[in-house]
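Just so it is clear: chains get the letters A, B, ... in the order the sequence lines come, proteins before strands, and each one is counted from 1.
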4 protein chains.
Amino acid sequence: MSSSTRQPRRGDTRKRIQDVALELFAEQGYEKTSLREIAERLEVTKAALYYHFKTKEDILISVFEDRTRPIRELVEWAEGQPHGLETKKEVLNRYSEIVMDAGPIFRFMQENQATVRELSIGEMFKDRIFELMAILKEPDAPLADQVRCISALITMHAGNFHLQDAEGDPEEKRAAVLEVAIDLVTQAHAGQGGK
Amino acid sequence: MSSSTRQPRRGDTRKRIQDVALELFAEQGYEKTSLREIAERLEVTKAALYYHFKTKEDILISVFEDRTRPIRELVEWAEGQPHGLETKKEVLNRYSEIVMDAGPIFRFMQENQATVRELSIGEMFKDRIFELMAILKEPDAPLADQVRCISALITMHAGNFHLQDAEGDPEEKRAAVLEVAIDLVTQAHAGQGGK
Amino acid sequence: MSSSTRQPRRGDTRKRIQDVALELFAEQGYEKTSLREIAERLEVTKAALYYHFKTKEDILISVFEDRTRPIRELVEWAEGQPHGLETKKEVLNRYSEIVMDAGPIFRFMQENQATVRELSIGEMFKDRIFELMAILKEPDAPLADQVRCISALITMHAGNFHLQDAEGDPEEKRAAVLEVAIDLVTQAHAGQGGK
Amino acid sequence: MSSSTRQPRRGDTRKRIQDVALELFAEQGYEKTSLREIAERLEVTKAALYYHFKTKEDILISVFEDRTRPIRELVEWAEGQPHGLETKKEVLNRYSEIVMDAGPIFRFMQENQATVRELSIGEMFKDRIFELMAILKEPDAPLADQVRCISALITMHAGNFHLQDAEGDPEEKRAAVLEVAIDLVTQAHAGQGGK
DNA sequence: TATGAATGAGTCTTCATTCAT
DNA sequence: GATGAATGAAGACTCATTCAT
């Protein structure tokens, strides 16, 4: 009852900025989303954004860091596990959930690579992917198997979104994407790259 | 005598614009590339660009159409072929070469989806992909198999670029990517989605 | 117990603001120094500045008044003295010390005249200078002698700073500047303006 | 006759920008003069300024370079002359005219030192002054004589403006200022610092 | 075939200031 | 004595685009 209609929602402004920003960044891209637009949606002034964040890029960075923290944790966990196929599968499984939960940030990263590359999160994301790759692929794996692992990851990033026109509920889709990813990594793990 | 030392170029300005534009678009993204930059690289004025193209988007469209024409032809060819696995494999094979030859346009499309979605080429590209998908996947294939086909395509688009840190010459990489794509489509074709 | 290690300062905030502000104003200029910067240096918030001063200009005014009070006193003293050369010399002598002791405020006034002219202290400073000039120059002195007196004053303001690259300790420099100023005023006093 | 009232003055825009900018910079200071203001006075848009100059600072630089070129030439000329008092006097004489002709740029430099110090012209101006000082003062002159030379220069820069309240026509004022400057340099040249 | 000159709309960002707590 | 949160106005600058020549 306290935070009723007119009440100027307290304290949560920072988070609201992050949410709206992510939504718009994912929908229209980073460059095409202006701070004016974000501010208008929140019914605050542009200057208010600058009270909470130093720059436009800073908003993105903060969102990115918040939403990709689980990947760091996943990697840490995985590094403490035996280096076998079961671990890889479990990593994919958990990753699949992280990607779903993280909301549109992965879609954003996938669809704005050109932009993101010039931003500091470009490197950060690359690092995250490298760490995951280090877990998924065998050292000195043949090229094709490396491709399989990369393919597994980008499929998970882009998968749900590309499937949006297909029928089926989200959980089914997630399962389908996960199945393909596991297949790819399993083949890569098997070694000679199939055939 | 005509194309002598002093004047290295003639009526090729239109093409030169396309080339420089594509290069910059792919490198920095569409929005971050300004017409000023393109003009400067070519040592002409911005106004000159407007002599050859109606708008900035127009430059991109023209590049896109030129470089993706082979896909149209590939689709046309495939539609006249029997609907079997062999055709699919050959389509992937040819597609693989098209992607290589087309230069950075596929990288561009992959990395600027957010931007491209709002542009007219967004729809065009989506259409092209749909037509390819129609050839690669069986009607009413299970979700996982649809994912496999999508995965095959985006792997081809992004593959070479993601592999740029790996060792090996371009032709090897292409072969590796192609192998994975064929594998994926073959499994999808087989039906039950693996296991 | 009151001014112990943990809380290095007490009710001296007002003075600390003045000091930091003057330092920054002199270093970077009035316009280029933002209240944010002042606040950050003091590790307080901008709002805290507004507890102590009504406006940015107000900070400057208060600094100016504090540090130029000695001039008022000097003028008052001089007005009670005989109107001869000895008095003039003594005025210059004392002025020279005031300028040294006042810290960077004179440098600030000299280097920010364009800004200061639009501020209320512009007039105040001009008044101070007028009063001094009234003491230093003879009524109806020839133009050149007026110039000599002005020159004496601005040399004292700017002198030390312009000499910063020359070798010699501050006291020597002060003496040199003072010598020139006295010379100028003496010549002006002598009447016909030399030659 | 050809460039009548309504005609949109051709070609001269660049120069008009420089003139208006200098006028405003000198009147209000660099920071307080906005490009909007300059543009409005010229009845063009801000963007038009950017067609002619890369940045705000660039406008100032170009003005500075144009108007201080004569100093360079003066220094060059002087360096080819015998190093005696006559040369010094002639330098002051010519300098006096340069300062008058250059319009408000010297006033600007004097009154915006704090600003100018952070700009590239800060160094340039300092260099110019150093070269002049090298001509005016004897090597290893006593401090007081160095002060006399500095004093001569800053008196010339600021002089006319400080005299604006005094009666007398500009030419008379110039003569008075020049007389004082020559006096100062002559004394410095004489050696032991007078008395 | 091009250029020189300009515009209008928009960008991100910074600032001094306010006020409820 | 101070802070946290916000605002309104303004700043420098960039962009795609136009048009007379």
**Q** Consider the side chain of A:Val44, meaning its heavy atoms from C-beta on, and name the nucleotide among F:dT7, F:dT3, F:dA10 that approaches it most closely.
**A**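 Looking only at heavy atoms from C-beta outward on A:Val44, the closest nucleotide is F:dT7.
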
**Q** To the closest 0.5 Å, what do you measure between CD (B:Gln110) and CD (B:Gln113)?
**A**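 Those atoms lie 5.0 Å apart.
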
**Q** Taking only nitrogen or oxygen atoms into account, show me every contact under 3.5 Å that the protein makes with nucleotides 19-21 of chain F, one pair per line with its distance.
**A**
none

**Q** Honestly, is C:Lys56 close enough over C:Tyr30, meaning NZ or CZ under 6.0 Å from the six-membered ring centre and within 45° of the axis?
**A**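 Output yes; distance and angle both within limits.
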
**Q** Taking only the side-chain nitrogens and oxygens of D:Tyr51, find out if one of them lies under 4.0 Å from OP1 or OP2 of E:dA5.
**A**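 It does, given that an N or O in the side chain of D:Tyr51 lies less than 4.0 Å from OP1 or OP2 of E:dA5.
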
**Q** Expressed as a whole number of angstroms, how long is the span from D:Leu60:CG to F:dA12:C1'?
**A**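 Value for this atom pair: 15 Å.
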
**Q** Under 4.0 Å from any atom of DNA chain E, heavy atoms only: list the residues of residues 24-39 of chain C that qualify, in numerical order.
**A**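 Going residue by residue through residues 24-39 of chain C, the ones with a heavy atom under 4.0 Å of DNA chain E turn out to be C:Thr33, C:Ser34, C:Leu35, C:Arg36.
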
**Q** Within the structure provided, determine whether A:Leu22 and A:Arg67 are in side-chain contact (heavy-atom separation under 4.5 Å).
**A**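 Yes, side chains in contact.
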
**Q** Between A:Leu49 and D:Lys54, who's closer to the 5' end of DNA chain F by nearest nucleotide?
**A**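 Nearest-nucleotide comparison on DNA chain F picks A:Leu49.
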
**Q** Measure CD/A:Glu43 against P/F:dT7 and give the value in whole Å, please.
**A**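 It works out to 11 Å between those atoms.
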
**Q** Quiz question: by atom type and distance under 3.5 Å, do the side chains of B:Thr115 and A:Glu31 form a donor-acceptor pair?
**A**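 No, A:Glu31 and B:Thr115 have no side-chain donor paired with an acceptor closer than 3.5 Å.
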
**Q** For the residue pair C:Phe125 and C:His157, does the interplanar ring angle fall in the parallel (under 30°), tilted (30 to 60°) or perpendicular (over 60°) class?
**A**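 Ring orientation of C:Phe125 relative to C:His157: tilted.
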
**Q** Using heavy atoms to find the nearest nucleotide of DNA chain E for D:Ala48 and A:Lys56 separately, return the residue whose nucleotide is more 5′.
**A**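 Closer to the 5' end of DNA chain E: D:Ala48.
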
**Q** From CD of C:Glu57 over to C1' of E:dC15, roughly how many Å is that when rounded to an integer?
**A**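 Result: 16 Å.
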
**Q** Considering Watson-Crick and G-U wobble pairs with both distances under 3.5 Å, what does E:dT18 pair with?
**A**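 Its partner is F:dA5 (Watson-Crick or G-U wobble, both distances under 3.5 Å).
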
**Q** Measuring to OP1 and OP2 of F:dA6, would you say a side-chain N or O of A:His52 lies under 4.0 angstrom away?
**A**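 For F:dA6, OP1/OP2 do have a side-chain N/O of A:His52 under 4.0 Å.
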
**Q** Do the side chains of A:Glu37 and A:Arg41 get close enough for a salt bridge, i.e. N-O under 4.0 angstrom?
**A**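 A:Arg41 and A:Glu37: not salt-bridged.
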
**Q** In this structure, how many angstroms lie between the C1' atom of E:dA5 and the NZ atom of D:Lys46, rounded?
**A**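 So the two atoms are 18 Å apart, to the nearest Å.
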
**Q** Can you check the D:Phe53 CZ to E:dA6 P distance for me, whole Å?
**A**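 Going from CZ in D:Phe53 over to P in E:dA6 covers 12 Å.
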
**Q** Whole angstroms only, please: what is the CZ-P distance between B:Arg14 and E:dT1?
**A**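 That distance rounds to 12 Å.
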
**Q** Can you tell me how the ring of A:Phe108 sits relative to the ring of A:Phe25, calling it parallel under 30°, perpendicular over 60° and tilted otherwise?
**A**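 A:Phe108 vs A:Phe25 ring planes: tilted.
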
**Q** Side chains of B:Phe53 and B:Ile61, heavy atoms from C-beta outward: is any pair under 4.5 Å?
**A**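 B:Phe53 vs B:Ile61: side chains apart.
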
**Q** Expressed in angstrom and rounded to an integer, what is the separation of A:Ile17 atom CD1 from F:dA5 atom P?
**A**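 It is 11 Å, rounded to the nearest whole Å.
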
**Q** Give a yes or no on whether a salt bridge exists between A:Glu65 and A:Arg69, defined as a side-chain N under 4.0 angstrom from a carboxylate O.
**A**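 A:Arg69 and A:Glu65: not salt-bridged.
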
**Q** Could you go through the side-chain hydrogen bond (donor to acceptor under 3.5 Å, both in side chains) check for B:Ser120 and B:Glu57 one step at a time?
**A** CA-CA 9 Å; B:Ser120 62; B:Glu57 187 178 350; 3.2 Å; yes

**Q** Looking at E:dT13, which nucleotide sits across from it as a Watson-Crick or G-U wobble partner, both distances under 3.5 angstrom, or is there none?
**A**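 When the pairing criteria are applied, F:dA10 turns out to be the nucleotide that pairs with E:dT13.
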
**Q** Does A:Thr13 put a side-chain nitrogen or oxygen below 4.0 Å from OP1 or OP2 of F:dA6?
**A**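 Looking at the OP1 and OP2 atoms of F:dA6, one of them is under 4.0 Å from a side-chain N or O of A:Thr13.
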
**Q** Using whole Å, what does the distance between atom C1' of nucleotide F:dA5 and atom CG of A:Leu42 come to?
**A**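 Result: 14 Å.
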
